Amino acid sequence: MTFSSDLTLPENALRGYRARAGGESRLVRRLLIAGAIGFLGLFVFVPLVAVFAQALGKGLSSYLRGISDPDTLTAIKLTLLTAGVAVPLNLIFGIAAAWAIAKFEFRGKNVLIALIDLPFAVSPVISGMIFVLLFGAQGWFGRWLQDHDIKIIFALPGIILATTFVTFPFVARELIPLMQEQGTEEEEAALVLGASGWQTFLRVTLPNIKWGLLYGVILSNARAMGEFGAVSVVSGHIRGVTTTLPLQIEILYNEYNFTAAFAAATLLTFLALITLVIKRVVEARV
Amino acid sequence: MNISVQGLTKKFGSFFALENVSLDIHSGELVALLGPSGSGKTTLLRVIAGLETPDAGSVLFHGEDAGARPARDRGVGFVFQHYALFRHMTVFENVAFGLRVQPRRTRPGEAEIRARVLELLRLVQLDWLGDRYPAQLSGGQRQRIALARALAVKPNVLLLDEPFGALDAKVRKELRRWLRRLHDDIHITSVFVTHDQDEALEVADRVVVMNEGVIEQVGTPEEVYDRPATPFVYSFLGDVNLFHGRLEAGRMRIGEHEVEAPEWSEAPDGAALAYVRNYEVDLAPASDGGLAMGAIVRRVRRLGSVVRLELDREEDGKVIEAELTRGRHEELGVVKGDRVFISPRKVRVFLEPS
C-alpha cells in the first residue's frame, strides 16, 4: 500500500493547517482519507478479492483441479524458466550498463541512457513485433534461421528474448543513480590498494549496491513473470507448449473456463503480493 | 623511492590540466604540491598514482618507467580528499583490505593481518575504533584511518590529496603536525596536495608551486617564500600589495615615486610590477622619499597579535593593505582618517609578463 505513505503530509504542515482552518479541516481531512480509501478499495482491493472469490467459488477441489491442469502446469514451468533466464541476463546487463554509465565518461553515453529507457517507452506489443520482424519467417533473419533449422519466433527463445527486452530497464534504472551518487573514489581506493578489477567489483562495488540491485531484480522478476503483450506476439499461443501463465489465463478465460482462469490468476496475484512485501522490506534498506 | 616526472602533459578536452611538467622527488622527502584549484596539482598526484593516464611524458619510480604499470602494481599509498573509506566495512576491515586482496602467494596469514592492522591502528592512535563503521567516525578519525589503510600495504610512496581539506581549523592544525611527526618517524617518500600555503610551508620539506598546469617554482619553504621566482608565487604565498609601473635603467617608477631595482639594471626598459607584502609595509608620519606615498587610513582591525590597516592611496585612490605588530601600531598611534606615508621595508620588482 504505497499510496498511503505518499499521502501523508509533514506533521508541521498539518498542524498549521488545522490551527488555521479550525473544525472544518477535520471534515476535509476525513473526506480526503475516505476518498483515498474508497478509491483504493474500488480499484485495487475489490478486484483482488474478486480474483480469489471467483477462483474459490466452486470449492477448493475445483480450484486445485484448475491449477493442476497439465497445460497450466506447463505454463507455470515455462513462466519460471523464462523469468529464470531473463532475470539473470538483465542482472548482468543491468550491472554492466549502470557501471559503464555511472563510472566512466565516454562518447554516446546519453544515447545509451536513452536506449536503456526504450523498452519502457514503447508498447510491449511493439516490442514483440520487433522480434517477429527480425526473426519471423518473413523477417530479416527468417530465411537464414529456417535454413539452419533454428526456431525463435513461436518458440521458447522468442519468449525469452521478448521478456528480456521488456524487463531490461529495471535493474539498470535502479542502479544508475545509486552508482552515480556513490562515485568512483572507493573503487579507485581499492585499485590503489592492489585489488584486481574483479576483486574491486566483488568486495567494494557489489556490497555498496546490493540492496538497490535486489530491488531492481524483484521488479524485473515481477514484470518478467507477468508480461503479456510482447510475449503474446512472439509466442504463437501453442497450447501446452508456448503459453506462459498470463497467456494461459487468457486462453482459459476466452474459453469461459472462469474457475481455472482465476485459479491460475491467483498464482500471479500471490507473486504480486510477495513482490510487494519483499519490495517494502528492501526499500527500507536501500 | 625517488620519483621523477618528465614532461607530463594531460588534457581534459581542450583544457590543459598539466603542460610539460617535470619534477624530481627525492627518496624520503615530504613534498607539497601547492596551487589554487585548477592548477593541475591533483591531476599530477593522480598521474603519479596511476589513476590518470598522461597524454605525454613519463613517471619514473627509481629510474624505472612506471607508465606500463597499473595503479595496483605501483606500490603507492593514496589518501583521497574525502577519504573514500569502504562504507560497508568496519575500520578494521578497511585497514586490512590491502592485505586481504593480495594474491595467495604473498598474502599474510590471518594472525599476521590482525597484528599488522592493530599495529597501524595504534600508529594512528585509533586502535579502540576497530569495530566501528566509517559513518560513525569524525572527520579527523576518518582521515587517520584512511592513512592507516594506505600504509597497510607498505607502500614505497605515500600520496595525499588535500589531506586536511575537509577538516575544521583546529583539527587541521593538529593533524598536520601529526603528519609531519609521522613522516619523521617512518621516512616514506610522500607527496601531498594542498591549496593552503600555511599548510605547505609548515609541513613540507620542499614546496612545488603550481599554476595553470605548469610548475612556477620548486624550493624549500624558505626559498619559495623569501625568494619567489615569479609574480604568481609572490602573490600566492601571503597577502601582497601590487604596484604597476615602468622599469628604466635599474629603477622602477611608480607614478611620481621611484624605487631601486638593481637586479634589473641590465633589463630593457618596460612595464614592471612591484610587490610589497602586507607585513613589510611600514607607516610613517612624514615622507622619507622613495616609495613614500601619501595615504588615508580607512579601516583598522585588531586581530590577535597583529593590526591590519586598509589605506587609500592619495594619488589614485587604490587600496593598500598593511599589517603592523600591535607594538608598532601603538607606537604610531594611527587611527581611522589619519594621513600617513607608506614606507615599504622590502619591494620585489618583476618584469610584467607580456
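From a predicted model like this one, the values you see are computed outputs, not experimental measurements. Only heavy atoms go into these numbers, but all of them, side chains included; no hydrogens, no water, no symmetry mates. Lettering follows sequence order; numbering is per chain, from 1.
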Does atom [atom1] of [X] have more than 12 heavy-atom neighbours, drawn from other residues, nucleotides or ligands, at distances under 6.0 Å?
X      : atom1 : answer
B/F12  : CZ    : yes
A/F93  : CZ    : no
B/R100 : CZ    : yes
B/D185 : CG    : yes
A/F120 : CZ    : yes

Indicate whether the side chain of B/D65 and that of B/S58 have a donor and an acceptor atom separated by less than 3.5 Å.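 No - no donor-acceptor pair under 3.5 Å links their side chains.
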Test your reading of the model: is there a side-chain donor-acceptor pair from B/H26 to the backbone of B/T189, 3.5 Å cut-off? no
Within the side chain of B/D24, is there an N or O that forms a donor-acceptor pair under 3.5 Å with the backbone of B/S4?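 No.
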Which atoms of [X] approach chain A - backbone, side chain, both or neither, heavy atom under 4.5 Å:
X      : answer
B/L85  : backbone
B/R87  : both
B/A152 : neither
B/V153 : side chain

Do you know which two heavy atoms are closest between A/A102 and A/I176, and how far apart they sit? CB-O, 4.1 Å
What's the verdict on salt bridge (Lys or Arg N to Asp or Glu O under 4.0 Å) for B/R122 and B/E119, showing C-alpha distance, side-chain angles and the deciding distance? CA-CA 5 Å; B/R122 267 197 298 278; B/E119 179 198 325; over 6 Å; no
If you tally heavy-atom pairs under 4.5 Å against chain A, which of B/F80, B/Y83, B/F97, B/F78 wins?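 Maximum pair count with chain A is reached by B/F80.
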Of all of B/R46, B/Q102, B/H82, B/R72, which one pairs up most often with chain A through heavy atoms under 4.5 Å apart? B/R72
Could you name the residues of residues 103-113 of chain A that have a heavy atom within less than 4.5 Å of a heavy atom in chain B?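 The list, in residue order, is empty: none.
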Residue by residue, which of residues 181-199 of chain A have a heavy atom closer than 4.5 Å to a heavy atom belonging to chain B?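 From residues 181-199 of chain A, the residues near chain B are A/Q182, A/E185, A/E186, A/E188, A/A189, A/A190, A/L191, A/V192, A/L193, A/G194, A/A195, A/S196, A/Q199.
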Salt bridge (Lys or Arg N to Asp or Glu O under 4.0 Å) for B/R149 and B/E93? Distances and angles first, verdict last. CA-CA 9 Å; B/R149 183 178 68 175; B/E93 286 304 318; over 6 Å; no
I want to check something: taking the side chain as every heavy atom from C-beta on, are B/I48 and B/F61 in contact at a cut-off of under 4.5 Å?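 Side chain of B/I48 against side chain of B/F61, heavy atoms only: contact under 4.5 Å found.
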